[in-house]
Amino acid sequence: MFYSARLKLTAWYLLIIMFISILFSIIVYRIAAVEVERSLRAQQFRIFRQEHPALGFFPQFHIEPPPLDLQLLNEEKNRIKLILVFIDVAIFVLAGGAGYFLAGRTLKPIQEMVDEQNRFITDASHELRTPLTALRSEIEVNLRDKNLSLKDAKALLHSNLEEVGNLQVLSDSLLQLTQFHFQFETLSLADIIDEAVKKVIPLAKAKQITIEPTRSSSQVKGDKQTLTQLFVIILDNAIKYSPEGKSIRITAEKTDHSILIHITDQGIGVDKKDIPHIFDRFYRADTSRTKDTTPGYGLGLSIAKKIVEEHAGLISVKSSKAIGSTFTVQLPTN
Ligand code: ADP
């Protein structure tokens with residue numbers, strides 16, 4: 001698809017350049033032809049005057065100058081034509097090569113975007129297919145059961161509802177990865193952190209995990225809703241991947257033009273080999289015990305990364321297995 005688009009774009013470039021070039025050549029030819037004819041006449045007249053020097057002294061003798069040498073004129077015109085055709089052919093070849101190269105450069109970002117979108121669609125449909133297949137087979141098995149009691153049917157519906165809930169979370173997350181609405185304003189960092197903590201506190205309580213929020217008085221420029229969501233994602237992970245009874249600490253550190261927010265947990269940690277990938281879409285570290293038992297689709301950190309990037313910030317992680325992780329978000333302060 002992109003190859004034919006590249007050829008088409010090259011053809012358009014070439015068409016425009018050749019149109020201008022040929023138009024220019026015609027104009028040049030017209031001017032040059034008139035000029036050649038004029039200088040040929042002048043030259044012939046000069047020779048004629050040299051051959052008849054007496055004419056200058058006796059102007060009463062009128063002798064007609066010889067007619068223009070048409071053969072010479074046509075030869076000159078043909079020479080100009082040949083030079084212009086040669087120039088046009090050279091422009092055609094050079095513009096063709098340059099056009100093909102430029103068309104490739106123009107289309108490259110579009111091609112990368114389409115490839116990325118295709119990868120996204122493939123990943124998303126793959127992720128959606130697994131729970132949908134499970135849901136379908138669960139319903140089919142129960143429908144085939146002739147002795148299905150009302151109690152069994154209710155249990156099935158509960159399980160289905162749970163699955164549907166998970167699918168809804170997945171589809172919402174997928175939608176979020178493609179659509180963000182930002183409204184930038186100056187915000188109190190402590191307020192955003194408090195808001196995020198409020199949202200995850202029930203989960204933390206369920207695991208007897210304590211959260212120590214920052215007391216920073218710093219301000220950041222950003223979108224309230226998405227920044228809150230960013231810290232919810234990191235805190236939610238910190239809770240999910242920590243054993244019961246641990247604690248999570250949030251600290252802030254101001255630098256010249258930015259603020260660093262560290263979220264430190266005492267959880268299972270991230271393996272060195274997984275660290276470069278955890279911000280990728282759908283990536284879940286294969287810590288065999290947690291992957292199957294901890295809910296998630298591997299989308300949280302990719303959403304977090306996107307939010308941080310939209311705020312011209314950075315997100316990174318330092319982690320040690322079985323000791324804990326520190327996620328650091330760097331946000332510009334002005
Ligand atoms: P998930 O839905 O799996 O939590 P995320 O994108 O939020 O997806 O995280 C990607 C992976 O990074 C997780 O599956 C997990 O393996 C790892 N991870 C993220 N946060 C933590 C953390 N605080 N401690 C340990 N591992 C983490």
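Start at 1 with the first residue, then count along the sequence. Atoms within a ligand are numbered from 1 in the order they appear, just like the ligands themselves.
Against a heavy-atom cut-off of under 4.0 Å, Gly296 is close to the following atoms of ligand 1: 2 (O). If you number the atoms of ligand 1 from 1 as listed, the ones under 4.0 Å from a heavy atom of Tyr283 come out as 10 (C), 11 (C). Below 4.0 Å from some heavy atom of Val270 lie the following atoms of ligand 1, by number and element: 25 (C), 26 (N), 27 (C). Here is the list of ligand 1 atoms found below 4.0 Å of a heavy atom in Ser325: 24 (N). Of all the atoms in ligand 1, the ones that sit under 4.0 Å from a non-hydrogen atom of Leu299 are 6 (O), 8 (O).
A salt bridge between Lys108 and Glu112 is present, with a side-chain N of the basic residue lying under 4.0 Å from a carboxylate O of the acidic one. The residues Lys306 and Glu310 are annotated as not salt-bridged, no charged nitrogen and carboxylate oxygen being separated by less than 4.0 angstrom.
Counting heavy-atom neighbours within 6.0 Å of Lys205 NZ, excluding the residue itself, gives a total of 12 or less.
When Gly300, Gly324, Gly298 are checked for heavy-atom proximity to atom 2 (O) of ligand 1, Gly298 turns out nearest. With Ile278, Ile303, Asn237 as candidates, the residue nearest to atom 12 (O) of ligand 1 on a non-hydrogen basis is Ile278.
The shortest separation from a heavy atom of Phe279 to ligand 1 is not under 4.0 Å, leaving the residue out of contact.
In terms of modelled atom types and a separation under 3.5 Å, the side chain of Thr333 and the main chain of His257 share a donor-acceptor contact.
With side-chain heavy atoms closer than 4.5 Å counting as contact, directly or through intermediates, Leu94 stands alone and belongs to no larger hydrophobic cluster.
At a heavy-atom distance under 4.0 Å, atoms from both the backbone and the side chain of Ala285 approach ligand 1.
Figure legend: cation-pi geometry between Arg284 and Tyr297 absent, as NZ or CZ is not positioned both under 6.0 Å from the six-membered ring centre and within 45° of its axis.
Residue Tyr297 has at least one nitrogen or oxygen atom sitting less than 3.5 Å from a nitrogen or oxygen atom of ligand 1, judged on distance alone.
A donor atom on one side chain and an acceptor atom on the other are found under 3.5 Å apart for Gln330 and Ser258.
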